[in-house]
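Notes to accompany the following structure.
Order of listing sets the numbers, starting from 1, for every ligand and every atom in it. Heavy atoms only: backbone and side chains are in, while hydrogens, waters and symmetry mates are out.
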Amino acid sequence: MLIIGEKINSTLKATAKAVAERDETALVDLAQRQVAAGAGMLDVNCGTVEADQEPEVMRWMVKLVQGAVNTPLCIDSANPAALAAGLMAHQGKAMVNSISGESERYRKVLPLLREHGASVIALGMDDQGIPGDGEKAYAVGAKLVEDLVKDGLSLEEIYFDPLVRSVATSPSAALETLDLMRRLGASFPGLHFASGLSNVSYGVPERRHLNRAYVVLSMGAGLDAVIMDPFDQVMVQLILASEVLLEKDRWCLRYIEAFNQGRLSA
Ligand code: THG
């Protein structure tokens with residue numbers, strides 16, 4: 001499971017402050033602590049700065065974070081110019097968050113992926129928005145994956161995000177997402193799946209329990225990347241345990257490594 005740490009995102013108040021003040025110490029600390037907590041990749045998003053400054057701030061953040069940790073970055077922006085600046089500054093194979101089946105987004109992001117050899121999170125939506133029913137969601141997802149492969153990406157470079165809705169307003173939302181991942185995974189062997197957790201539990205108290213159960217169930221359906229708070233060590237422990245049970249961590253090697261680092265207690 002690829003844990004993509006979500007904390008270097010200026011929608012978070014503390015991160016917005018660090019970005020606004022160009023506080024390198026605070027951002028380096030956030031990067032290093034997320035990696036120590038189990039993140040294998042870090043999302044970098046500075047979407048709250050002025051649009052005309054976003055490319056320059058993204059370039060600065062990518063260089064700063066890559067100078068502090070060895071993990072690759074997930075360059076996250078709604079602004080293609082900021083994605084381009086981040087990719088230009090990035091060393092090694094980056095991930096882009098995100099492309100989708102929306103025609104303008106697709107047209108603007110695809111060339112960046114090809115130029116920089118980046119992998120990508122592909123959001124399961126198109127010009128009609130997020131599909132409302134399972135059949136439509138499969139059709140939109142399959143078309144997006146087929147288009148990306150036709151346009152030169154390999155299945156291994158695509159992380160499909162099924163965009164789970166909240167169970168508070170859609171009781172079948174989690175089940176539909178699991179079904180979508182199973183179906184797309186069967187149709188496209190090698191395709192990866194990524195998900196954020198901010199939506200599934202929206203509007204429900206003590207969200208962390210739902211988020212943790214959702215990740216475990218999703219791993220059973222093929223989820224292999226998650227954008228999450230790595231400081232939720234219970235979540236990290238459940239992920240490590242699920243990898244053993246799903247034979248993704250044969251002989252418990254990573255589980256025991258985490259134990260030896262003292263990361264399985266408490
Ligand atoms: N899929 C993809 N990208 C995504 C998401 C996704 N990017 C955004 C989001 N979902 C993942 N990133 C975050 C970053 C921070 C928080 C949640 C998700 C967060 N928010 C606080 C909270 O929920 O309590 C509120 C802000 C604050 O504390 O200041 O922690 O699904 N492809």
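- Applying the 4.0 Å criterion to heavy atoms of Ile121 picks out, from ligand 1, the atoms 32 (N).
- Not a single heavy atom of Ser98 lies less than 4.0 angstrom from ligand 1.
- For a threshold of 3.5 Å applied to N or O pairs, the pair formed by Leu12 and ligand 1 contains no separation below that value.
- Under the 4.0 Å criterion applied to side-chain N and carboxylate O atoms, Asp224 and Lys248 are not assigned as salt-bridge partners.
- The distance from the CZ atom of Arg263 to the CD atom of Gln237 is 8.5 Å, given to the nearest 0.5 Å.
- No N or O atom of Lys7 sits closer than 3.5 Å to an N or O atom of ligand 1.
- Closest approach of Tyr255 and Leu264 over heavy atoms only: O-CD1, 3.4 Å.
- Close contacts of ligand 1 with Ile227, meaning ligand atoms under 4.0 Å from a residue heavy atom, involve 1 (N), 2 (C), 3 (N), 4 (C), 11 (C), 32 (N).
- Within the 4.0 Å heavy-atom shell around ligand 1 one finds Asp161.
- Ion pairing of Arg59 with Glu54 is absent here, as no side-chain N (NZ or NE/NH1/NH2) approaches a carboxylate O to less than 4.0 Å.
- In the candidate list Ile8, Asn97, Thr15, Asn97 is nearest to atom 3 (N) of ligand 1, counting heavy atoms.
- Ring planes of Phe193 and Phe160: perpendicular class, angle over 60° (limits at 30 and 60°).
- Closest protein heavy atom to atom 23 (O) of ligand 1: Arg207 NH1, 4.5 Å.
- For the pair Asp43 (side chain) and Asn9 (backbone), a donor-acceptor distance under 3.5 Å is absent.
- At the shortest separation from atom 8 (C) of ligand 1 among protein heavy atoms lies Asn9 ND2, 4.5 Å.
- Shown are Asp29, Val65, Leu64; of these, the side chain to side chain contact (heavy atoms under 4.5 Å, CB included) with Glu24 is made only by Leu64.
- Ligand 1 does not have Asp43 within reach: every non-hydrogen atom of the residue lies 4.0 Å or more from it.
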message = Run the side chain to side chain contact (heavy atoms under 4.5 Å, CB included) test on Ile239 and Met219 for me, step by step, so that the C-alpha distance in whole Å, both residues' side-chain angles and the decisive distance to 0.1 Å come before the verdict.
response = CA-CA 8 Å; Ile239 289 170; Met219 288 175 74; 4.1 Å; yes
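- Salt-bridge check for Arg208 with Asp232: failed, with every basic side-chain N at 4.0 Å or more from each acidic carboxylate O.
- Counting heavy atoms closer than 4.0 Å to ligand 1, residue Leu163 contributes nothing at all.
- The line from CG of Leu42 to CG of Leu73 is 6.0 Å long, rounded to the nearest 0.5 Å.
- Distance from atom 16 (C) of ligand 1 to its nearest protein heavy atom, with residue and atom name: Glu6 OE2, 3.6 Å.
- Distances below 4.0 Å separate heavy atoms of Leu123 from the following atoms of ligand 1: 32 (N).
- Interface of Ser198 with ligand 1, defined as ligand atoms under 4.0 Å from a residue heavy atom, comprises 9 (C), 10 (N).
- Annotation for ligand 1: atoms under 4.0 Å from non-hydrogen atoms of Lys13 are 29 (O).
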